[in-house]
Peer 1: 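Submitted below is the structure of interest, expressed as structure tokens.
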Number of protein chains: 4
Amino acid sequence: MTAEAGTRLRADARRNRDQIMAAAKEVFAELGPDVPMEEIARRAGVGVGTLYRRFPDREALIRAVAQENFGAVLDDARAATAEEPTAWDALVRLMRRSRDLRLSVRLAVLSPSAWAAMRDDPQIRQLRDGIMAALDDLVRAAQAEGVLRDDVGPGDVAALVSLLLRRVPADSDATAELIAERALVVILDGLRADPGSPLPGRPVTIRDLGD
Amino acid sequence: MTAEAGTRLRADARRNRDQIMAAAKEVFAELGPDVPMEEIARRAGVGVGTLYRRFPDREALIRAVAQENFGAVLDDARAATAEEPTAWDALVRLMRRSRDLRLSVRLAVLSPSAWAAMRDDPQIRQLRDGIMAALDDLVRAAQAEGVLRDDVGPGDVAALVSLLLRRVPADSDATAELIAERALVVILDGLRADPGSPLPGRPVTIRDLGD
Amino acid sequence: MTAEAGTRLRADARRNRDQIMAAAKEVFAELGPDVPMEEIARRAGVGVGTLYRRFPDREALIRAVAQENFGAVLDDARAATAEEPTAWDALVRLMRRSRDLRLSVRLAVLSPSAWAAMRDDPQIRQLRDGIMAALDDLVRAAQAEGVLRDDVGPGDVAALVSLLLRRVPADSDATAELIAERALVVILDGLRADPGSPLPGRPVTIRDLGD
Amino acid sequence: MTAEAGTRLRADARRNRDQIMAAAKEVFAELGPDVPMEEIARRAGVGVGTLYRRFPDREALIRAVAQENFGAVLDDARAATAEEPTAWDALVRLMRRSRDLRLSVRLAVLSPSAWAAMRDDPQIRQLRDGIMAALDDLVRAAQAEGVLRDDVGPGDVAALVSLLLRRVPADSDATAELIAERALVVILDGLRADPGSPLPGRPVTIRDLGD
DNA sequence: CATGAATGAGCCTTCATTCAT
DNA sequence: TATGAATGAAGGCTCATTCAT
């Protein structure tokens with residue numbers, strides 16, 4: 001468990017909160033981060049008032065969703081590191097399983113204001129830092145294992161992951177899944193290429209990613 | 001030359017129109033497709049009324065911008081095919097040079113309504129079809145040349161291109177450029193991998209991309 | 001009781017709704033159906049938002065007002081039929097008391113769009129049909145009584161009523177009242193004329209009034 | 001001839017002006033006095049600029065139309081007085097022939113601002129006064145002839161005329177014509193009624209009509 | 001002088017947020 | 001505490017009027 005509101009809530013309040021979060025994820029993914037708050041409330045089966053009692057404003061809601069997603073990814077990164085036999089395998093699992101992060105990334109891409117909200121949240125920064133650190137370790141280790149090409153840096157990998165998180169155009173969800181998976185494999189082949197084509201510049205670090 | 005308003009405009013009207021388009025591209029890229037029309041007008045140095053005289057509503061403006069971008073990409077795709085020595089080279093150039101398409105893709109990704117507007121515009125569909133046809137040819141030819149791996153389809157390549165169009169996180173535009181270029185090279189290595197890892201499913205066709 | 005929103009409203013919401021309706025009637029009569037919504041809201045002592053919560057757009061408000069008015073007229077037509085000793089008396093009372101309809105007629109006369117809104121509302125059509133049916137009965141009965149001249153049809157009477165609903169030019173409301181009443185009496189004399197001058201064409205039916 | 005712009009205009013300017021007036025009458029009658037100026041210009045086959053050169057603003061255009069109409073009515077009133085054998089016949093002709101006035105009346109009814117514009121135009125006041133004077137004479141004379149009932153005043157007649165000018169509801173223009181004509185005959189019978197029912201109050205004078 | 005482009009004020013409508021019930 | 005009503009600021013769009021071509 002990584003990110004959650006600390007204070008105990010009464011059972012029904014808790015349930016409301018969860019319903020709101022679930023509705024928000026759904027709706028943000030579907031309609032973007034500018035959906036009317038009332039729409040979120042409706043899907044959660046509560047009144048707007050209740051929503052606002054739980055989350056003082058739209059930003060707070062977005063932050064909460066992002067926290068949950070980043071937390072899940074971090075948990076997964078750690079689990080992968082611990083459970084997979086090789087760093088390369090863990091890296092692959094991480095890239096494949098970052099599914100949850102998709103929503104947050106989409107939020108960020110979708111609206112500058114959502115992005116700002118996330119960037120300025122210390123909790124999220126911390127989660128992000130944790131993820132990046134884990135990625136950093138995995139990259140080094142995978143290179144030491146001799147599988148991952150030496151000329152890429154953790155920043156390169158992070159960037160590729162972030163690309164993979166984007167929604168791809170497709171005629172159905174199943175096709176989208178297929179396309180994403182195939183793209184991942186191509187990219188993994190590229191990351192394994194040895195000797196690959198010379199990469200321009202220098203390995204990209206986490207710092208280069210900014211924010 | 002591929003897409004433009006046919007009717008002659010008075011010199012000043014023409015100039016205004018161009019300024020509006022330029023401002024729109026800028027602003028859409030910067031703030032998303034929901035920016036106040038007034039902001040676009042201001043940057044173009046005209047009144048809202050002028051903007052609305054030229055483009056009856058936001059959708060029309062978005063469509064116009066998308067048309068220009070898709071048109072530029074199609075032109076480039078044809079030029080690449082004609083000018084590059086090999087199909088593979090042309091493909092690489094196309095992937096690298098689709099810069100202009102970025103904006104449109106971003107527009108599309110950014111808002112469902114913008115996407116709908118583009119999808120329903122016959123002119124844009126036609127441009128898209130042209131681009132896809134060119135891509136299709138290049139993929140086949142590059143495979144015939146023995147450089148591009150045989151197990152990818154044009155849809156796979158199109159999907160990878162569309163990923164590359166997304167903005168990558170970076171601490172500066174220069175870094176973003178670097179990251180994007182390095183990611184491209186990694187992906188190209190992946191596309192050249194022979195024998196690469198087995199790709200799941202079947203080659204993705206243009207049709208699979210939907211719309 | 002003839003036309004009203006069924007759903008229960010909170011006491012304050014109910015009050016607001018009523019105030020809005022009252023303000024709308026006043027303002028429509030005074031300034032026409034194109035008055036700024038804000039003006040209506042102000043007179044009702046509420047914010048525009050409240051107005052729009054209750055009536056999704058101007059048309060809805062116009063329809064609501066029209067429904068109330070037509071409903072009142074229908075109620076009155078039935079009451080007159082039931083309470084007056086003769087059909088002629090009931091007819092006279094109806095012509096005199098259609099006061100409430102005035103506003104709706106004015107709305108309709110004032111703007112094509114308002115008219116369209118009313119014409120397309122099934123509830124209003126039904127009320128109108130009811131009024132017309134009542135009028136039809138009264139005309140026949142009054143002719144059977146031998147008071148109303150035989151060569152007029154219900155459509156003729158309806159048309160005369162509709163003329164009487166218009167605002168007459170006058171230097172004060174009291175004078176307007178006087179003028180309208182005197183005009184009514186003159187018209188009633190004309191309707192009683194026996195033998196009157198030959199009327200051109202044929203008796204006008206309700207159907208001839210169209211819509 | 002009674003009302004017209006005095007200054008000589010160049011032939012083409014004259015033609016433009018006439019086209020604009022014709023278009024305005026048409027459009028005002030059809031769409032009301034709030035039609036976009038551009039619509040009027042289009043129907044007149046000129047640019048807005050030309051329209052505004054001829055009529056400084058909407059009000060001026062409305063006034064011009066009203067002047068023409070009132071002028072025509074006054075001409076007709078005088079002609080009727082001169083040509084018809086009896087005052088009663090002249091009165092009937094006037095009531096029937098006021099067709100042209102319809103538009104102006106409709107304008108006035110349609111919008112408070114249009115009404116104000118007309119009321120404040122000295123030329124229009126003068127025309128109106130002329131018409132009223134003629135009506136006054138005819139009423140007196142017709143009463144002297146013993147045809148028109150004695151208890152009505154010229155104001156009563158004017159009011160009845162003004163009612164007849166309104167558009168009646170009908171399913172076609174032909175029916176509207178029929179209905180209007182029949183209503184006129186009924187009213188004329190009412191005006192001839194002798195002894196009619198007692199009219200309330202006192203005869204209405206021209207002064208009572210206000211403005 | 002005619003034209004139609006440009007301007008900007010004004011009204012419509014939506015929705016984030018607050019607050020009475 | 002949950003609800004949903006009320007508010008008002010903000011953005012879309014239209015059109016009267018002005019002005020450059």
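Residue numbering restarts at 1 for every chain, and letters A, B, ... go by the order of the sequence lines. The figures that follow rest on heavy atoms only: side chains count, while hydrogens, waters and symmetry mates do not.
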Peer 1: Nearest-nucleotide wise, let me know which of B/Gly45 and D/Leu51 is further upstream toward the 5' end of DNA chain E.
Peer 2: D/Leu51
Peer 1: How would nucleotides 13-21 of chain F be written as a contact map, 5' to 3', with B for base contact, S for sugar-phosphate-only contact and - for no contact, using protein heavy atoms under 4.0 Å?
Peer 2: BB-SBB---
Peer 1: Atom CD of B/Gln19 to atom P of E/dA5: distance rounded to whole Å?
Peer 2: 16 Å
Peer 1: How many whole angstroms separate atom CZ of D/Arg42 from atom C1' of E/dT3?
Peer 2: 15 Å
Peer 1: Test of understanding: with side chain to side chain contact (heavy atoms under 4.5 Å, CB included), list the residues that count as partners of C/Asp120, not counting sequence neighbours.
Peer 2: none
Peer 1: Within the pair C/Thr50 and F/dA5, is there a side-chain N or O less than 4.0 Å away from OP1 or OP2?
Peer 2: no
Peer 1: Could you state the CZ-C1' distance from A/Arg14 to F/dT1, rounded to the nearest angstrom?
Peer 2: 17 Å
Peer 1: Distance check: side-chain N/O of B/Arg53 vs OP1/OP2 of E/dG4, anything under 4.0 Å?
Peer 2: no
Peer 1: Can you give the dot-bracket line for DNA chain E, where a pair is Watson-Crick or G-U wobble with both atom distances under 3.5 Å, crossing pairs use [ ], and | marks a partner on another strand?
Peer 2: .||||||||||||||||||||
Peer 1: Once salt bridge (charged side-chain N to carboxylate O under 4.0 Å, His left out) is applied, do any residues pair with D/Arg58, and if so which ones, sequence neighbours excluded?
Peer 2: none
Peer 1: With side chains defined as the heavy atoms from C-beta onward, is the minimum distance between B/Leu51 and B/Met37 less than 4.5 Å?
Peer 2: yes
Peer 1: Side chain of C/Arg167, backbone of C/Ala29: donor and acceptor closer than 3.5 Å?
Peer 2: yes
Peer 1: Considering residues at least two apart in sequence or located in another chain, which fulfil the salt bridge (charged side-chain N to carboxylate O under 4.0 Å, His left out) criterion with C/Glu38?
Peer 2: none
Peer 1: Using the test side chain to side chain contact (heavy atoms under 4.5 Å, CB included), find all partners of C/Ala24 that sit at least two apart in sequence or belong to another chain.
Peer 2: C/Phe28, C/Ile40, C/Leu61, C/Val65
Peer 1: What is the distance, to the nearest angstrom, from the CZ atom on D/Arg17 to the P atom on E/dA2?
Peer 2: 13 Å
Peer 1: I'd like to check the side chain to side chain contact (heavy atoms under 4.5 Å, CB included) partners of B/Arg119; sequence neighbours left out, ordered by chain and number.
Peer 2: B/Trp115, B/Ala116, B/Arg125, B/Asp211
Peer 1: Going by side chain to side chain donor-acceptor pair (under 3.5 Å), name the residues that satisfy it together with B/Arg166, two or more places apart in sequence or in a different chain.
Peer 2: B/Ser162
Peer 1: Taking side chain to side chain contact (heavy atoms under 4.5 Å, CB included) as the definition, give me every residue that meets it alongside A/Asp18, ordered by chain and number, with sequence neighbours left out.
Peer 2: A/Arg14
Peer 1: Could you check how far CD1 of C/Ile20 sits from C1' of F/dT7, rounded to whole Å?
Peer 2: 12 Å
Peer 1: Does C/Asn16 have a side-chain nitrogen or oxygen under 4.0 Å from the phosphate oxygens OP1 or OP2 of F/dA5?
Peer 2: no
Peer 1: Just how far, in rounded Å, is P of F/dT7 from CZ of C/Arg54?
Peer 2: 11 Å
